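The figures here come from the full heavy-atom set of this structure, side chains too, leaving out hydrogens, waters and symmetry mates. Just so you know, these numbers come straight off a predicted model, no measurement behind them.
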Amino acid sequence: MSLDSSNSKQRSFNSTSSNNQSNTSNSKKRKSNQKTLGMAWGANSLSGSRSSFRSSPFSDFGSYMEVKNRKLRNQFDAEASNSSRSDSSAKPIFDGVSIFVDGYTIPSSQELRQYMLNYGGRFENYFSRHRVTHIICSNLPDSKVKNLRSFSSGLPVVKPMWILDSVAANKLLSWVPYQLDQLANNQPTLSAFFTPKTKPADEGTFTHAICEVKHETELLCLKDASKDASFSEAGNSLEWRKQATEEHDKLMCENPNRTVIDGPSNGYSEEPKEVEVVEPSNLQEDDESLANYRLQSCPEQSSVSVSSHCFDNRGIRGSPRSSFIGPSKQRHSTLGDPNFVENYFKNSRLHFIGTWRNRYRNRFPSLLNGWTKSSHSDVSAGLQKTPIIHIDMDCFFVSVVIRSHPELNDKPVAVCHSDNPKGTAEISSANYPARKYGIKAGMFVRDAKGLCPQLAILPYNFEAYEEVADQFYNILHKHCNRVQAVSCDEAFLDVTDLEGKDPQLLASAIRKEIYEATRCSASAGIAKNMLMARLATSTAKPNGQCYIDPEKVDEYLDPLPIKALPGIGHVLAEKLKNKNVQTCGQLRLISKDSLQKDFGIKTGEMLWNYSRGVDNRLVGMIQESKSVGAEVNWGVRFRDFQHAHNFLLDLCKEVSLRLQGCGVQGRTFTLKIKKRRKDAGEPAKFMGCGDCENLSHSTTVPLATDDVEVLQRITKQLFGSFHIDVKDIRGVGLQVSRLESADISRQAPERNSLKSWLMSASASSKEQFDINSRGKECIGTDSEGKRMDVNSSLLHNASVENSVHGTNNASNGGGCSKQNSSIPPLGHLDMGVVESLPLELLSELNEIYGGKLVEMITKRKLQVVEAERSHNSDIVSLSRSVVEMKGEQPILEELRAVPDSGARPNSVAISTAGLENNDLVPASLSQVDTSVLQQLPEELRADIFEALPAHRIQEISALGPKTDNVHHPMGIKSAADNQPGSASSGLSNNMWIGNPPLWVEKFNVSNLTTLKFVADMYYKANSPESLSSILQCTLAESLHPLDATSDAWNEAVHSFSELLMNYIKLKIGVDIEEIYVCFRLLRRLSTKSEFFLEVYNLVFPHLQASIDENYGGTLNIPPHMGCAASTIYR
Amino acid sequence: MERKDNQTPQGEIARILVEFLEVAITSVVSLKGIYPPGAFERRKYMNVVVQRARHPQLREYIHSAVSGLLPFVQKGLVERVAVIFYNTDDIPIERFIFKLTVNQSFGSNVEESDLEFSLRSFLIKLSVSQTLTTVLPRDCRWEITAYFRRLPEVSASKDAEMWIPTDTKQWQQPPLITPIKSMNSEPLGLQLYLEHPSPSELLSGNMTKFGGTGNRMFLAKVGDQQCNQMFCTTHENHLCESTPRMGMMPLVGSKGGQNLNWISKELHHLPETEY
C-alpha cells in the first residue's frame, strides 16, 4: 500500500460520506455520487476503462472533479438564493461557515444542508481543507479519533446540535461546547495522535479505511470491466475482492467494537451510536479518577502505556520498592518497548511544549492571521506607551497537577515522569515551596529527594495541561485580540489599542479570571516592550504583577545580572564575565562596535539593545518554524541493526506526523546521532545518553515531502552513511528543514514531476480530492510503462517481433499507448523498424512527423535494404523462438508438440544458409560429390565443368573413365545406380540436394499418390528444409493410405525409405534431434497408415544402427499407444 | 597460424561455447534437483532466464571444469562433454551429453550474436526437458566428464596437468538416447542428448536403488567422492571400431597409454549446511 495515511483517511472519509448519503431519501444525490466514484476508480484502476473515459470532455479525474464541484457550488448558490428569498426571516447566521458532514448524523446531512442554505452557510459535498471550516459528525470511528489530525486537518469536529442550537438562538454560537464528546477532552490534542495503541488494532483500522474503499472500487471495476471487456481489470478486481474480504475478516476478529461503531456509517443501522463510543472512556475515567488520569477513549490502550506505570507507581508512593525498578527499566528503553518512540514522546514535556504551538495555531488561526499585519503601522506609537503585558502561569506543570491534590498546596511538589526516589529521572518543574529547598528543574529525583525528603512527585497530566492552556488562551483572547503565544503557559498581549484601559488593571483582571477558571495563578509583567515585560514578569513571580515604567527602565536594568536577559546563556555569560561584565549596567558601558566585534554583529547588537531595554520585536510576529523534527536522546539502546532500523522507522512516522501537523513539507533531512564516546562509561542518568559525540549527516531532495515512506527511505540511507555500531548509539534525531507550505509544494511537484509531464492535462487540478492523487499515480505510472514499451520497441534494433508483441500487449491491456507517449525525436527512430511497419502505421507516423519520415527513409534507402534483409532473418528466427517457447513448454510428451512446424529455430535456418554459401565452385573436382554431379541436369553439369579451372578438367576426364557403365559423356555414374538393390550401402544424401531438393521433383513426377502427396507437403510445410516439418504437415492432412495390394506399393515404400535413409545420413552427425522428431512423427503416422508403418519398420533398424555407430546407443523412441494395435493390424 | 586465442574464429567459438557450457551445465544440475532450489539464483544469460549456482564451490567447480576445456575445445579435441549422474554404487543413472563439433577450417569471423541466438534455444529447451529425465535416487553424485577425440599433448599445456585418470563404471548395454536439442552451423555443431541405461541393463540388476522417493535430492557425503571432476579421453578412432558397444567406454590404460584418462586433482565438496 503506497498510500499515505492522510490520503487514505480522506478517501475513507468520502466513501463513508457517500454511504451516508445513500441513507438519505435523496436517491438522486446518491446516484450522482456513486457515479463520481465510478468515474474516479475507472480512471484510477487501469487504462482499460480509460477508453470509455477518453470520450468524456474531461481530460482527467482532477478536472472532472473540479467541474463537478463548481457545479455543485453553483447549484447550492442558486438554491440558497431561492430559499433566502422565500424565507426572508432567516438571517445569515452561518455566514463564513462551511460545513462538511461526515458519516451518519441526526439531523441528516440533507437537513443540515437545508439549514446551511437557509442561514447563509455553505455545505461541501467533498472534504477540502481549504473550503471547509467545520466538520459535522455525530460519532467517529476509532481510527479517526486516533488519527484526528490527519482526519480533520485541524478543523473543528462538531456535533450537529451546534447548527440546530445556533439556528434556535438565531446567532452563531461558539462551537467549542459542541465538540464531539469523543474528542472533548483532547481535541485536537497532542495525545490524540500519540495515543498509545496496540499495533495490530492500529493497522487494522488503517487497513479498514482502505478496505472500505476497495469494496467500492471492486464493484465499480467490475462494472467497468464488463463494459470495456477488459479482462485484466476483472482479474484485478477479483484480487481486490479477496484482499478486501480478508482484511475485513481480520478486522472483525481484532476489533469487534469498532465495527459496531462503523455500522451506522455503512448504512445498516439507523440508531445513533454516540453512547456506545463514549462509554468505554467514561468507565476508564472512573477507574482511574484517583490518579486524575484521563486516558483516551480507546479500549485497547492501557496495555502498553507507560503512563499506567506512573500511575501504579504513584499509588505506592512513599513506600519505595525496589521491585518497581526492574520492570520500568525494561519498559523505558528501546530494548523493551516496541512502541518506544511513541511512548517516549507521549511522556515528554518538551515534546508537549514543542508541539503545542501547532495546536494553538489550529485553534486560533483566524486570530493570528487577522491582525498581525495591521500592527506594523503603529510601531512607533507602541514604543512610547506601556502597551505590552506578559503573562506567565506560575510553575504551570506543577500547579495544574496540584489542583486535584489540595492537600499538597503548600507542600514542595515537583513534576517528573518517574518518582523512583533513587532514580535519575529529571524533575521538569517544581513549585515555589520546593524551590525554596533548592530544587530546580532538570535535577535528578534522587538529588531532589536528598534536598527535600518530603518532596511530593507527581506525574504529568497532559490532558489537564491542554485543558488549562486552552482556558488560559480563551481568557487572553477574550480581553485582547493581539495575543502572541510563547508557550502553552506564556503569552504576550499587545494592549496598545485598548486605550481606555489601564494595562495594570487589565493585567490583574486577567490574572484573576485565570485563577478563577483554572485554579492556577499567573504572573504578569507590564512594560513598554516585550523584553521589559518579560523581565517584569520574572520580578513579579510568583503570583504577582509588575509594572516597569518606561522612565525607570535603566533603573531596573542596572543591577540586573546579565544572565537574566533572554538570549544570554552560559557561554555568553561566561565570556562577558571574563570581560568583567556581570550586570546590565556594566554591559551598557561597552560600545556597540566593541560588542559587535567581540560577539558578532547580531549578538553584539542584541546585547547592546537589551542592556538598554530596547526591543523592537512586535507582538504577534509568529516565527515560522524553520525546521521540524524529533529527537530521542534518552533510553536509546539498540540490540542489533534491525532493532535500530525499526526505531528509525518509528521516528520517521513521528516526524512525518509533525510535518503534516504543521502543514509543511521539507527538503533537507538531517539525521543526528549521539554516539557514545569510547571511554565513556554508563551515564550517570539512568538510560541517559551520557558523554557522546554528536554526528550528523544530511541530504537534500529536490521535492519537498512529508510522506512517511519517503522519509523512511531517506533516513535509512542517511543512517547507512554513518557506519556505526548500533550498540554505541545513545540518541537519534531527525530534523527536516527547508520547509515549504504543504499546500504549495503539493501542487508544485506535480507540475515538475515526470508523472505530471506524462499526463496530458492534469496540472489544473488544484483540488485535493481524496481519490484524485491515487488516480493520477496510476495514470502516471501506467503511461510511463507504456511509453517505455513503445520507445523500446522503436529504438531497439532487430526487435521487430518484439515491437509487434509490445503493441499487442498494449492493445490487450486496453491501452492507448500512442496517446500517452510523447513522440521521440526523428533521429531516435530506428529506421529499420520503421521500414518494417505496416503501411498504414508508416503513413500515420509520417503524418506525425510532418512528412519528414518518408524523406528520411528515401535517404537511407540503401541501408534500409540491407537492414531489412538482416531483419527478415531476425524476424524468422525470433518468431520461431517465440513459437518454440510457447509451443513446447507444456506438452513435451505429446508428439504433436515436439515437431511443431515452427519449433525448429536455428539449426535449419543456419544449415540452409550454409548450403547456400556452398554454391561456390569447388577448387578441385575431387571435392565434388560425384553422385551429386550425376544427379544434376545436364546444362548445370556443363556449367560446372566450364567453371572449373582448365587444369582441373584433366582430372575430370581422368575421373571419367574410372567409373563403369558410362552413360554420360563425361563418364560420371552414381554408385547408387550401380547397386540399386542395396539401399543401405549405396545411399548418398543426394536426394536432399537442391532447392527444392531432388526428391520433391522425383516424387512429384512419380505416379504414386502417396509420394505425390508428400511432395505436395513440401510446399505446404512451414520450413520445408526439415523433413519433420513435412511429416508434421502430412500428419495434419488426413492421408488416405494406399491400397496395400497396389503395384506401386513396393516402389513407393522403397522410394520413401530411401528418402529417409538419405535424410538419416545427412543428419546423423549433426542433428539427431531432427531425426528423433521425424521418427516419432513417423511412428504416429504409422498408426494411421500402413504405408508409413511399412516404411517405419523398414528404416527403423537402419536408424538404430546408424545411431549406435555414431553415438553408441539406441534412440529412445517411446512406445506409442497405437503401436500395439498397428502391429496386430499388420 | 595461431595468433591469440580470441582472434581466431575458433578461439571465439570456443570462448562462447565454454561460457555457454558453464551455464548449460549449471542448468542441468539445477534441473535435476540434486541441490535444494535455494542453491541457485535466477540470472539472465543470452536473454534467457537461467540458473546460476550460488555456492562458490559449486560455481567454481563447473567454471574450472569447462574453462579448463577451452584450449582443447578450440583445437577441436573435445568430442563430448558429459554431465553424469551416479547412484551410490557409482553406476551412472543418467548422462547429459553435449556433443561438439568445432569447424577447424572455418575462416571467417563468427557473428557472436548469431551463435548466441542458436545456443539460446538449448537453454530454453533444457529448461522444459525435465520430463525427459529420470528421477534421481537419494544420495547420488554427479561429475563432468570430457571425451576427447585424441590425446592432448601432455607437455603442451599446463592445463593438462590438472587432469587425472578416471575409472567410471560403464553400462553393459548400449544406452537409450533421447535427443534434447541439436544445432548445426558452419562454425559450430552442437547436440545435447540424454543417455539412459537400456531396459535390459536395468533388468540385469546392475542398477540398484533406481528411482528416488522425491524430486529433491540432497547430496550425501560419499567420502571424498562427492563431485569429482573427471575428464576422460577417448580415442578418435574408437567410434569407428567394430565393437560399437564398447565405444562409449573409456579404454582405461589400453594400447600403450594412448588412451590415458585424466581426472582433476581438485575435489569438490559441497557442505550441505551452508544452504
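Considering only residues two or more places apart in sequence or on other chains, Q1104(A) meets the side chain to side chain donor-acceptor pair (under 3.5 Å) condition with none of them. Take F20(B) and apply the ring pair (Phe, Tyr, Trp, His ring centres under 6.0 Å) test, not counting sequence neighbours, and it matches F122(B).
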List the steps, then state whether side-chain hydrogen bond (donor to acceptor under 3.5 Å, both in side chains) holds for E195(B) with Y1111(A). CA-CA 10 Å; E195(B) 285 184 357; Y1111(A) 296 91; over 6 Å; no
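Each of T101(B), I180(B), L176(B) has some count of heavy-atom pairs under 4.5 Å with chain A, and the biggest count is that of L176(B).
Taking the six-membered ring for Trp and the full ring otherwise, the centers of F1092(A) and Y1096(A) sit at least 6.0 Å from each other.
Contact annotation for L194(B): neither backbone nor side-chain heavy atoms come within less than 4.5 Å of a heavy atom of chain A. Contact of T178(B) with chain A is made through backbone and side chain together, with heavy-atom distances under 4.5 Å.
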